[in-house]
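I have placed the structure first, in the form of structure tokens, so that the comments after it can refer back to it.
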Amino acid sequence: MSGVAMGLSWLCFYKAIQISDVSRVSAIDKSSLVLTILFAMFLGEAMSAKVVIGGLLITAGTLFMML
């Protein structure tokens with residue numbers, strides 16, 4: 001299942017690159033780390049200040065790249 005999900009994500013990534021700017025698509029792709037952090041928080045994992053600040057910086061960078 002993981003391999004299928006990974007393959008589909010790459011296909012979607014390449015399709016998005018074909019129809020949009022690479023800088024925007026790449027920024028959105030990199031924001032998946034922020035989703036991982038949010039899921040970890042939801043599941044009760046302890047968050048350090050470094051993780052929270054890093055997540056905020058990634059989010060700010062993503063928004064900056066998209067604008």
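Hydrogens, waters and symmetry mates play no part in the numbers below; they use all other heavy atoms, side chains included. Treat the numbers as computed from the prediction; the structure is a model and nothing was measured. In what follows, residues are counted from 1 in the order of the sequence shown.
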Identified side chain to side chain contact (heavy atoms under 4.5 Å, CB included) counterpart of V34 within the set L57, L56, I58
I58
Measure from the side-chain N and O atoms of S26 to the backbone N and O of V22, and report whether any donor-acceptor pair falls under 3.5 Å.
no
Whether over 12 other heavy atoms sit under 6.0 Å from M47 CE
yes
Membership question, hydrophobic clusters at under 4.5 Å side-chain separation (ILVMFWY): are [Y] and [X] in the same one?
X   : Y   : value
L8  : I28 : no
I17 : W10 : yes
I37 : I53 : no

Identify the two heavy atoms, one from A16 and one from V25, that lie closest to each other, and give their separation to 0.1 Å.
O-CG2, 3.5 Å
Which value, rounded to the nearest 0.5 Å, describes the distance between T36 atom OG1 and E45 atom CD?
10.5 Å
